[in-house]
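All values below were derived from every heavy atom in this structure, side-chain atoms included, with hydrogens, water molecules and symmetry-related copies excluded. Worth saying up front: this structure is predicted, and the values here are computed from it rather than measured.
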Amino acid sequence: MNDPHGFLKFPRRPVPPRPVQERLSDWNEVYAGQTRLPLVSEQAGRCMDCGIPFCHSGCPLGNLIPEWNTYARREDWRAAAERLHATNNFPEFTGRLCPAPCEDACVLTINADPVTIKNVEQAIADQSWERGYAAPRPPERLSGKTVAVVGSGPAGLAAAQQLTRIGHTVAVYERADRIGGLLRYGIPEFKMAKRHLDRRIEQMRAEGTKFRTGVEIGSDLDAAELTERHDAVVIAVGACGRRELPVPGRELHGIHQAMDYLTLANRVTQGDCDASDVTAEGKHVVIIGGGDTGSDCMGTALRQGAASVVQLDINPEPGDDRSDSEPWPVYPKVYRISHAHEEARGREGTDPRVFASATLRFEGDGTGRVYELRLAEVEPEARRPLPGTERRIPADLVLLALGFHGPERDTGLMRQLGLTLDGRGNFARNAGFGAETSEPSGRAARGRTDGIFIAGDAGRGQSLVVWAIAEGRSVAAATDRYLSGSTVLPAPIAPQDRPLVA
């Protein structure tokens with residue numbers, strides 16, 4: 001076990017990011033090229049190896065955090081990598097992208113600063129690759145069963161890897177030109193370099209997973225035919241139904257969905273084109289939405305040379321401490337600064353966010369382009385605009401980062417498989433992740449309604465990457481049980497499970 005007094009000997013010291021001006025001049029990762037192993041090993045020693053490690057409850061994967069903290073403290077990176085990969089297929093993704101609810105559930109958080117779990121996880125994952133501990137693991141024998149996975153985001157990839165390793169023949173279908181889903185086109189390069197994704201995909205290819213890009217199920221390939229070709233089908237298409245902002249002036253040019261903007265920026269960094277059709281260079285940018293996607297847009301706009309960037313959040317500004325209604329170990333709504341906020345604040349000197357504000361309308365410049373946005377303060381509870389608080393801000397480029405309402409509706413995939421929606425607007429599924437379908441008719445009658453499983457945001461709704469991976473692992477267990485009668489694959493969560501909240 002760790003030194004039980006480690007947390008008394010060492011204060012919390014997260015790995016520092018690169019200087020703001022340095023990272024704004026390139027698209028490299030915020031933490032690129034830093035030597036952090038001695039610091040990470042010291043910080044891992046702060047873990048108390050609790051009798052009841054509540055960090056497990058904070059993480060839907062049930063990561064064995066105290067165990068790999070102990071190995072990281074001893075710099076036994078092979079053992080640490082083994083324990084880390086025992087519960088997480090892609091720790092290099094979560095170590096970079098997850099907001100680390102495990103840290104807010106750390107027992108030290110009761111009256112001190114938590115262990116830097118996220119830094120330790122990323123370091124172990126990176127050492128696993130650098131030291132050759134992440135070799136492909138092809139199955140010893142094949143089951144003779146075939147599985148189609150529709151969608152190649154973290155849920156689909158996790159399900160595919162688990163099913164391939166257990167011996168099933170798996171094909172992943174992706175409608176985009178590259179594998180990865182939002183990991184590929186929704187996450188900026190400075191947040192996670194795509195080489196981490198490419199490396200993992202090559203590992204999966206070596207294990208036997210097949211990938212089919214540029215194929216939209218329900219359009220390019222009939223979904224019912226897919227069920228005929230394979231013994232089971234996993235639907236992991238994500239929650240891509242984007243929320244809109246129906247206010248006057250929405251039709252003006254220069255107002256874009258955030259994901260369209262991020263996709264174009266990612267294509268530039270991957271060399272698909274020299275410049276984006278939608279760029280923030282020299283423009284006054286307004287981002288509507290206070291979540292992670294809005295923060296990603298901010299970091300991207302700053303690197304493109306925006307004249308100014310403002311982020312509007314309809315929620316009130318959170319406090320610095322937990323409220324009484326959000327006791328430990330839940331993930332609290334407290335004031336947080338992302339790297340993009342730090343970058344914008346470093347340039348302007350103030351927080352780029354405007355809390356408790358609502359957009360009233362967009363104004364055009366007479367040529368059909370947006371040039372100004374009218375906003376107002378809102379009441380904390382009702383979120384209604386407060387009279388007398390209206391003001392205007394310049395807006396040459398507006399990015400809508402309002403989140404997603406569930407999977408895309410009325411698609412060929414949905415119709416041909418007879419998929420239905422639950423009360424939350426996601427694809428309905430039962431306690432075993434099986435799709436709940438309507439009575440098949442027409443072309444869908446050629447297919448079947450059993451052996452279809454729903455994974456990830458398509459069934460859960462918009463969520464975190466760590467929940468998507470947990471979904472993929474759990475749906476793989478359900479699929480294997482359907483195909484084989486039993487399974488040894490782990491299932492960390494059930495469809496009805498939700499984050500730890502008060």
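- Residue-environment remark: CZ (Arg131) exceeds the threshold of 12 foreign heavy atoms within 6.0 Å.
- The backbone N or O of Asp497 sits less than 3.5 Å from a side-chain atom of Arg460, completing a donor-acceptor pair.
- A distance of 4.5 Å separates CZ of Arg200 from CD of Gln203, quoted to the nearest 0.5 Å.
- With rounding to the nearest 0.5 Å, the separation of CG in Leu264 from SG in Cys273 is 7.0 Å.
- Aromatic ring centres of His339 and Tyr31 lie closer together than 6.0 Å.
- At most 12 heavy atoms of other shown residues, nucleotides or ligands fall within 6.0 angstrom of atom CG in Asp277.
- Other residues, nucleotides and ligands contribute over 12 non-hydrogen atoms within 6.0 Å of the CZ atom of Arg409.
- A side-chain N or O of Thr94 and one of Asn88 form a donor-acceptor pair less than 3.5 Å apart.
- For Arg384, the CZ atom counts as loosely surrounded, since its 6.0 Å shell holds 12 or fewer non-hydrogen atoms of other residues, nucleotides or ligands.
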Q: Apply the test side chain to side chain contact (heavy atoms under 4.5 Å, CB included) to residues Trp77 and Tyr133: give CA-CA distance (whole Å), side-chain angles for both, the deciding distance (0.1 Å), then the verdict.
A: CA-CA 9 Å; Trp77 302 110; Tyr133 304 153; 4.2 Å; yes

Q: Give the intermediate values and the outcome of side chain to side chain donor-acceptor pair (under 3.5 Å) for residues His196 and Glu29.
A: CA-CA 11 Å; His196 302 295; Glu29 285 188 358; 3.0 Å; yes

**Q.** Step-by-step side chain to side chain contact (heavy atoms under 4.5 Å, CB included) determination, Ile187 to Leu182
**A.** CA-CA 6 Å; Ile187 301 298; Leu182 292 186; 5.5 Å; no

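- For Glu381, the CD atom sits in a loose shell: 12 or fewer heavy atoms of surrounding residues, nucleotides or ligands are nearer than 6.0 Å.
- Between His56 and Pro66, the shortest heavy-atom contact is NE2-CD, 3.4 Å.
- Between the side chain of Arg473 and the backbone N or O of Ala155, no donor-acceptor pair lies under 3.5 Å.
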Q: Starting from the C-alpha separation in whole Å, work towards a yes-or-no answer on side chain to side chain contact (heavy atoms under 4.5 Å, CB included) for Tyr185 and Arg267.
A: CA-CA 7 Å; Tyr185 290 123; Arg267 288 195 175 278; 3.3 Å; yes

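- Leu397 CG to His253 NE2: the interatomic distance, rounded to the nearest 0.5 Å, is 14.0 Å.
- Put simply, CG on Asp457 and CH2 on Trp467 are 11.5 Å apart, with the number rounded to the nearest 0.5 Å.
- With Phe10 as the aromatic partner, Arg73 does not meet the cation-pi criteria of under 6.0 angstrom to the ring centre and within 45 degrees of the ring axis.
- The side-chain heavy atoms of Asp351 and Ile337, taken from C-beta on, include a pair separated by under 4.5 Å.
- A salt bridge does not link Arg369 to Glu363: none of the charged side-chain nitrogens sits closer than 4.0 Å to a carboxylate oxygen.
- Side chain of Ser152 to backbone of Gly180: a donor-acceptor contact under 3.5 angstrom is found.
- Thr109 places no side-chain N or O within 3.5 Å of a backbone atom of Ala105 that could act as its donor or acceptor partner.
- Smallest separation of non-hydrogen atoms from Ala344 and Pro352: CB-CG, 3.6 Å.
- Under the 4.0 Å criterion applied to side-chain N and carboxylate O atoms, Asp292 and Arg336 are not assigned as salt-bridge partners.
- Put simply, the side chain of Gln43 gets close to the backbone of Pro11: a donor and an acceptor are under 3.5 Å apart.
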Q: Would you sort out whether Glu189 and Gln270 count as a side chain to side chain donor-acceptor pair (under 3.5 Å), showing the intermediate values?
A: CA-CA 9 Å; Glu189 185 77 5; Gln270 293 184 91; over 6 Å; no

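- In this structure, Asn63 contributes its side chain and Ile65 its backbone to no donor-acceptor pair below 3.5 Å.
- More than 12 heavy-atom neighbours from other residues, nucleotides or ligands sit within 6.0 angstrom of CG on Asp198.
- A salt bridge does not link Lys333 to Glu326: none of the charged side-chain nitrogens sits closer than 4.0 Å to a carboxylate oxygen.
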(Q) Between Asn69 and Arg46, does the side chain to side chain donor-acceptor pair (under 3.5 Å) criterion hold? Intermediate values first, please. (A) CA-CA 9 Å; Asn69 272 333; Arg46 297 184 68 242; over 6 Å; no

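- Below 30°, between 30° and 60°, or above 60°: for Phe355 and Tyr335 the angle between ring planes is between 30° and 60°, a tilted geometry.
- Salt-bridge check for Glu42 with Arg13: passed, with a basic side-chain N closer than 4.0 Å to an acidic carboxylate O.
- Within the model, atoms OH of Tyr331 and CG of Asp104 stand 6.0 Å from one another, a figure rounded to the nearest 0.5 Å.
- A donor-acceptor contact closer than 3.5 angstrom is absent between the side chains of Arg18 and Asn28.
- A donor-acceptor pair is defined here as one N or O able to donate and one able to accept, closer than 3.5 Å; such a pair exists between the side chain of Ser41 and the backbone of Leu37.
- The backbone N or O of Ser338 sits less than 3.5 Å from a side-chain atom of His341, completing a donor-acceptor pair.
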Q.
Apply side chain to side chain contact (heavy atoms under 4.5 Å, CB included) to residues Ile288 and Val286 and explain how you reach the verdict.
A. CA-CA 6 Å; Ile288 302 177; Val286 178; 4.3 Å; yes

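- Of the possible polar contacts, one joining the Ser25 side chain to the Glu22 backbone as a donor-acceptor pair under 3.5 Å is found.
- Taking the charged nitrogens against the carboxylate oxygens, Arg424 and Asp422 have no contact shorter than 4.0 Å, which rules out a salt bridge.
- A salt bridge between Glu281 and Arg303 is absent, with no side-chain N of the basic residue lying under 4.0 Å from a carboxylate O of the acidic one.
- To the nearest 0.5 Å, atom CG of residue Leu183 and atom CE of residue Met192 are 5.0 Å apart.
- By the 4.0 Å N-to-carboxylate-O rule, Asp126 lies close enough to Arg96 to be salt-bridged with it.
- Between the side chains of Asn89 and Gln162, at least one donor-acceptor pair of N or O atoms lies under 3.5 Å.
- Distance alone, capped at 3.5 Å, places no donor-acceptor pair between the Thr389 side chain and the Pro385 backbone.
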Q.
Could you go through Thr116 and Glu103, starting from their C-alpha distance and side-chain angles, then the distance that decides it, and tell me whether this counts as side chain to side chain donor-acceptor pair (under 3.5 Å)?
A. CA-CA 7 Å; Thr116 57; Glu103 292 190 10; 5.9 Å; no

